[in-house]
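Report on the structure given below.
Naming: A, B, ... by sequence-line order, numbering from 1 per chain.
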Amino acid sequence: MTRKIRERAGRAPRVLRGRMLSAALGGALVLAAASACGNGGGGGGGSVSDGFTQAAQTGGTLTVWVDSDRLPAAQLYQKENPSVKMDIVTYDGDANGSNYLQTKVGLFNRTGKGWPDVVFSSQNNEASWAVPEGFAAPLNKGLIPSSTLSGWATNANEPCSVDGTVYCLRNDLSQTVLWYNAALMKQWGYSLPTTWAQYQQLGEQVAAQHPGYIVGSAGDNFTPEIFMWASKCGANQVTSPKAVTVDAKSANCTRMASVLDALLADGTMSKSSVFSSDFDKNEASKILMLPGPAWYGGALFQSTFKTPAGQISAAAMPQWPGESPTVGNVGGGTWLLSAHSKNLKAATAFLTWVTTSDDYQGKLAPGYPAYAPAAKTWLANQASSKYYAGDVSSVLQTAANEVWSGWGYPQFSQEAIWAAAVLPGMNAGKTIASLLPAWQSQVANYAQADGYQVTQK
Amino acid sequence: MWPGRAGHGFVAAYTLLLIAFGVVPTVYAVYFAFTNAGDTFAGLSNFTAAASDFRFVPAITHIGLYLVFWLVSLVVFVVGLSLVLHRLAARPLSKVLRFVYYIPGALAGAASVMVWLFMLDPAVSPAGFLLRGLGYDTFAQVIAPGHLPILLTIIAFWTGAGGWIVVMYGALNNIPHDMIEAARIDGANAWQIARRIQIPLLRKWIVYMAILAFAGGTQLFVEPELLSQASNGVAGRDYSLNQLSYDFAFQNNNVNTAAAISVELLVIGLVVASVFVTRSGFFDAD
């Protein structure tokens, strides 16, 4: 899903490739210097309304940027609203943490034109730069009524909120659940773990009784989002737009690290990425349980692993006894509306439709809709596919409202930091618990590099 | 009309492009390196900001290690293989080998890295048995950060060395046959001919190769960037100085510090090139 590798460089002799980069950078600098007429300008002296200074509303073509997965959404809207003049642009949607949107907006800010009216991004942390750059329009100050905004799942728009103002709308949720092979569980007489202690115990039982089978994977860069997030480990708690508290060594973090370490040691926790060829070859057919986001069902089990229908089901994530249930989250995109739009009426209408409509979100969208009423339709559609062993609707619906809100959405990539600070050590045989200090210091370093005021615990 | 106008006409387009896409961006980069976001003179603050960043010293270390592996292997193997090819000159095998060496260079830069991403994955690589024999069962184990200088050298050598072998082979062909023949009559063996005659006469070409390879090596970008994406970040997105510069510009929104790193790379390249040139007598007339 987010693992495609994109070529960025063209054909050039090796010795020249680096120079081309310098030239490209230089080119960007030329553009920047040539238009050094102020940052974030271009509003054109409009009036203050809906909580921001709006550009003069001239109407015209509605420019919408989407990734290839969201292209059907824009096309459907165009079909249903033929009177709206739309320019639909497909871009990479920022998958894999590329900064395409941020870079382009930086350049548009300098040239004072070019911003898309509405844009989809597969990254949840866009508000962290789009707000200070003046790109994202506030949505809960008049543009979108609160009755509509209240339809989103609990905390779903948390990544989009800065100081109580909502700057983007969540497209889909990626709440984590416990995916499992219902047929095998039944055959082996195991019952589903409801606590992490039971989960670890079951893993150890599997190691002894069915060696080779796995109960999870810790080899991805979103491992912290599945496990640490669910354990309320506060590795990057964004406390204000430019302040973050880093606490990656707390008891909430170490308790989950010790569960993972125990299962890594007995071989029931895979070290491979679920998207790697070695996982596909050696482990995909040996999954007893796999904690992961809502999209694992369709994207992994059904499409990638080709697990036959009627085997896979979902249960609630294991919990810590005595605590309110919490789950993690892996992805789920957002829609932003440009504060520079000269066509706010049309842009707002499209934004509202694309995030809430049953026609798209309920019936067509690939991911679990963040807008709760659409999610119901979506779940009904999933149930009618008869792929899962049993009904997964209630599990996904419950988990949608249990995502822990303490995990921050800072400008730096938490996934990239985990990948560089923890995964190599884990692959070399070190325990995750022993790597938590390295994780903490890297999070603090990257936060500082992005200008955050860092508090470490 | 001025004399030599045809020649000037030929170089005019190149010169214009060089000015537009080489000189002007460089001047702008220097301007940015010494100013801040508000376009006021910032002295060396961008350079100190870069040097004090936590990613800077690791990036320099990575590049330094990579350059050692890359330059040594390039010079030793390119010269060695060229000499062997030249010995086989009369045989059809030489033509076949030159072709084989050159093929990888025909692949686009990023595409050649893609080939290696495939080659280095034990689950799908045709050389998977070798990797497993060395104790590496997964892609993540193969591309562990400690292995990167060697892996990047192998990728760079495979992609770039073929072209240099062809260049060296051409240079060897330019050495008068009489000279080699005379040495042979005097009793010199193949090693002595290579050591006393061929390698000294190749010196300028070797220096030329070293200068370009050094400049290219310090600007390492595509290989670690793609490895980083393919490995879900295990290889690190700020492994090299150029990646760090890119991150400053497009991640940290700090083009001034990014420009400072670019200028440093330019200065290092120029200094090393001038040392090589003056020490080797590169521009001396024969």
Side-chain angles (χ1 to χ4, degrees), chain A residues 3 5-19 21-23 25-30 32-33 36 39 96-97 99 102-103 106 129 133 219-221 271-273 275-282 411-413 415-420 423-424 427-428 445-446 448-451, chain B residues 21-22 24-26 28-29 31-32 37 39 53-55 105 108-111 114 117 121-124 137-141 144-145 156 159-160 163 212-213 215-216 218-222 225-226 229-237 242 245-246 249-253 255 258-259 262 265-266:
Chain A
R3 294 290 166 275
I5 300 151
R6 285 160 301 152
E7 291 185 24
R8 288 196 183 152
R11 180 194 163 88
R14 220 209 101 62
V15 289
L16 294 179
R17 269 179 267 141
R19 288 176 181 185
L21 172 74
S22 299
L25 181 60
L29 298 179
V30 171
N39 195 10
N96 262 344
N99 297 317
Q102 186 182 352
T103 307
W129 64 264
E133 288 275 301
D220 276 294
N221 51 6
K271 286 182 181 175
S272 294
S273 160
F275 289 100
S276 67
S277 40
D278 51 81
F279 189 93
D280 203 19
K281 191 176 167 192
N282 305 320
Q411 203 173 335
F412 50 88
S413 163
E415 297 183 349
I417 295 173
W418 177 273
L423 289 186
N427 277 308
N445 281 337
Y446 279 95
Q448 232 148 18
D450 274 331
Chain B
F21 298 109
V24 172
T26 305
Y28 263 120
Y31 170 76
F32 268 83
D39 283 339
D53 189 271
F54 74 101
R55 295 164 286 189
M114 299 296 287
L117 295 180
D121 188 338
V124 291
D137 294 321
T138 64
F139 182 60
Q141 288 172 340
T159 330
L212 289 189
T218 54
Q219 293 169 35
L220 187 70
F221 183 81
V222 175
E225 189 72 7
L226 283 180
Q229 291 199 22
S231 66
N232 308 331
V234 171
R237 56 176 296 160
N242 240 347
S245 175
Y246 182 82
F250 300 120
Q251 177 77 26
N252 303 133
N253 204 13
V255 282
S262 308
L265 285 172
L266 176 72

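When A:Ser272, A:Ala416, A:Ala449 are compared by the number of non-hydrogen pairs under 4.5 Å with chain B, A:Ala449 comes out ahead. Annotation: maximal heavy-atom pairing with chain B below 4.5 Å, among A:Ser276, A:Pro424, A:Gly451, A:Gly219, occurs at A:Pro424. For chain B, the option among A:Ala428, A:Ala420, A:Ser277 with the highest count of heavy-atom pairs below 4.5 Å is A:Ser277. Ranking A:Asn282, A:Asn445, A:Ile417 against chain B, the residue ahead of the rest is A:Asn445, based on heavy-atom pairs under 4.5 Å. The candidate from B:Asn252, B:Thr218, B:Asp137 with the greatest count of non-hydrogen atom pairs under 4.5 Å with chain A is B:Asn252.
Proximity to chain B involves both the backbone and the side chain of A:Gln411, based on heavy atoms less than 4.5 angstrom apart.
The shortest heavy-atom contact between A:Asp450 and B:Gln251 is OD1-O, 3.7 Å.
Here the CZ-OH distance, from B:Arg55 to A:Tyr446, works out to 6.0 Å after rounding to the nearest 0.5 Å.
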